[in-house]
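Reading through the structure tokens given below for one structure.
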Amino acid sequence: MTLATRAFACLFLGLTPVFAAAAEDLRLNHIQIKGTHNSYHQQGLIAWHASHKYTHLSLSDQLEKRGIRAFELDVHRPLFGSDLEVYHIAAVDSKSTCSKFKDCLREMKNWSDQHPNHVTIFVWIEAKDSTGGLKFDNFDRIDEEIRDILGDRLITPDDLQNGHETLQAAIRKDGWPRLDEARGRFIFLLDSDDRTPDVYLDNGSLAGRVMLPRAGESNLNSPWAVVAKTGPGSFHTAALQRNFLVADNLCSPENKAADCHAKLNKALNAGTQLLMDDFEGDAPKQSLGGYYVQLPDQLTIRCNPITAGGFCQNHEIDQE
């Protein structure tokens, strides 16, 4: 995308094309990164449904070998014992590279220890009780386990709000953290449902919380809303106008490879920051007819064609 084209896109979205800014002003919403959906998933001996036919590398290998910087974990309360568990569907599709939530967190932390200058790692948490385990009455336990293992590496809602009246006001006025200031750290995102305002927030506030909840179109203007997950369209555009981070779940085994390529290209050109996918590489069970999530020119991270200004250079981003 040329500078003129990028400028037009920014003006169309209501964004300011800050081409004169310095490279050190590059922020977290100015990049695009590869991510995986159900990042722990291993195909079982029997795939009971077509959507179960994919296998991810371990979290550390995804980080090291695939350049993945966004993950999604399905977290369940156990029927027995005390450790939160990570799997897709109990009994039917339950094979995982890290079956305990703490183990998943420790694996990511260990890789981070060895690569202290890595770009911020984003982790979507889906608190699930419809596919196994006990019901989540609240998400306190998830917050506690994240803090226990990654406490000093976290960028929390309080960090982002930083004295502003609301979180959304902070993001719209001050923007996301600068890329270089956020290296070696993690941001956790809550991919929950309509229980979020009642269960996770305290009177609309995320004070003291760990995760940033996913906003739907109906709460786009809520004071806590700064992240969304959606494909290109009116909601996607409105979210970018408000400085949101936007993710999208792209391809699954039920799709056709040609459709996956088209959806990925559309998300790339629309400025989606977190590109989440069931397929991460060219190995068996990790691709679909040659398709897997990838950025142009085999980059692992790149400048966002919509939100980044002309000062952004791809080679300056990934400095692990």
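For residues 245-262, the pairs satisfying side-chain hydrogen bond (donor to acceptor under 3.5 Å, both in side chains) are Ser252-Asn255, with sequence neighbours left out.
You'll find the side chain of Phe139 stays beyond 4.5 Å of the side chain of Ile125, heavy atoms only. Residues Glu72 and Asn38 meet the side-chain proximity criterion, which asks for heavy atoms closer than 4.5 Å. Counting heavy atoms from C-beta on, the side chains of Pro223 and Glu165 never come closer than 4.5 Å. With a 4.5 Å cut-off on side-chain heavy atoms, Val226 and Asn243 do not count as touching. Within the 4.5 Å cutoff, side-chain heavy atoms of Phe186 are placed close to those of Ser112.
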Run the side-chain donor-acceptor check on residues 282-296: report pairs under 3.5 Å with partners two or more places apart or on a different chain.
| residue | atom | partner | partner atom | Å |
| --- | --- | --- | --- | --- |
| Gln286 | OE1 | Arg66 | NH2 | 2.6 |
| Tyr291 | OH | Asp277 | OD2 | 2.5 |

What pairs of donor and acceptor atoms, side-chain ones from residues 212-219 against any protein atom, are under 3.5 angstrom apart with sequence neighbours left out?
| residue | atom | partner | partner atom | Å |
| --- | --- | --- | --- | --- |
| Arg214 | NH1 | Asp191 | OD1 | 2.8 |
| Arg214 | NH2 | Lys229 | O | 3.2 |
| Asn219 | OD1 | Gly216 | N | 2.6 |

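Distance alone, capped at 3.5 Å, is enough to place a donor-acceptor pair between the Gln273 side chain and the Val246 backbone. Between the side chain of Gln168 and the backbone N or O of Leu220 there is at least one donor-acceptor pair closer than 3.5 Å. Side-chain N or O atoms of Thr166 include one that pairs as donor or acceptor with a backbone N or O of Ala169 at under 3.5 Å. Of the possible donor and acceptor atoms, one in the side chain of Thr237 sits under 3.5 Å from a partner among the backbone N and O of Gly233. Between the side chain of Arg77 and the backbone N or O of Lys135 there is at least one donor-acceptor pair closer than 3.5 Å. Without hydrogens or angle criteria, Ser96 side chain to Tyr87 main chain gives no donor-acceptor distance under 3.5 Å.
Residues Glu107 and Ser60 bring a donor and an acceptor atom of their side chains to less than 3.5 Å of each other. Between His30 and Asn304, the side chains place no donor N or O within less than 3.5 Å of an acceptor N or O (distance only, hydrogens not considered). Side-chain contact annotation: Thr97 with His56, donor-acceptor N/O pair under 3.5 Å absent. No hydrogens or angles considered: a donor-acceptor pair under 3.5 Å links the side chains of Asp93 and His41.
Across all non-hydrogen atoms, the minimal contact from Ala207 to Asp158 is CA-OD1, 3.3 Å. Nearest heavy atoms, Asp140 versus Asn138: N-OD1, 3.0 Å. Nearest heavy-atom pair across Tyr200 and Leu190 is CG-CD2, 3.8 Å.
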Please test Arg209 against Thr156 for side-chain contact (heavy atoms from CB on, under 4.5 Å), starting from the C-alpha separation and ending with a verdict.
CA-CA 7 Å; Arg209 285 301 198 179; Thr156 67; over 6 Å; no
Given the rule in the side chain to side chain donor-acceptor pair (under 3.5 Å) test, do Thr36 and Gln62 qualify, once you have shown the distances and angles that lead to the verdict?
CA-CA 9 Å; Thr36 49; Gln62 289 182 53; 2.7 Å; yes
Full working for side-chain contact (heavy atoms from CB on, under 4.5 Å) between Thr131 and His76:
CA-CA 9 Å; Thr131 58; His76 301 255; 3.1 Å; yes
Residue pair Asp278, Cys251: steps toward the side-chain contact (heavy atoms from CB on, under 4.5 Å) verdict:
CA-CA 6 Å; Asp278 284 353; Cys251 187; 5.9 Å; no
Does the side-chain contact (heavy atoms from CB on, under 4.5 Å) test come out yes or no for Arg242 and Ile171, once each step is laid out?
CA-CA 8 Å; Arg242 288 161 173 78; Ile171 291 299; over 6 Å; no
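If you take CG on Leu189 and CG on Leu245, they are separated by 7.5 Å, rounding to the nearest 0.5 Å. In this structure, SG in Cys98 is found 11.5 Å from CZ in Arg106, a value given to the nearest 0.5 Å. Interatomic distance, OG of Ser82 versus CZ of Arg141, reported as 5.5 Å (0.5 Å rounding). Atom CG of Leu167 and atom CG of Leu206 lie 6.0 Å apart (nearest 0.5 Å). Atom CG of Leu28 is separated from atom CZ of Arg183 by 9.5 Å, given to the nearest 0.5 angstrom. Considering NE2 of His49 and CD1 of Ile89, their distance stands at 8.5 Å, rounded to 0.5 Å.
A perpendicular orientation is assigned to the rings of Tyr54 and Phe279, their planes being inclined by more than 60° (bins at 30° and 60°). Under the 30°/60° scheme for interplanar angles, the aromatic rings of His88 and His52 are found to stand perpendicular.
Checking each of Asp83, Asp74, Ile142 against Phe101 for a side-chain contact (heavy atoms from CB on, under 4.5 Å) leaves exactly one that passes, namely Ile142. Among Leu299, Leu26, Ile33, the one residue that satisfies the side-chain contact (heavy atoms from CB on, under 4.5 Å) test with Ile317 is Leu26. Each of Ile187, Asp159, Ile149, Ile146 was checked for a side-chain contact (heavy atoms from CB on, under 4.5 Å) with Leu154, and the lone residue meeting it is Ile146.
At a threshold of 4.0 Å, the pair Arg27-Asp180 does not count as salt-bridged, since none of the basic side-chain nitrogens sits closer than that to a carboxylate oxygen.
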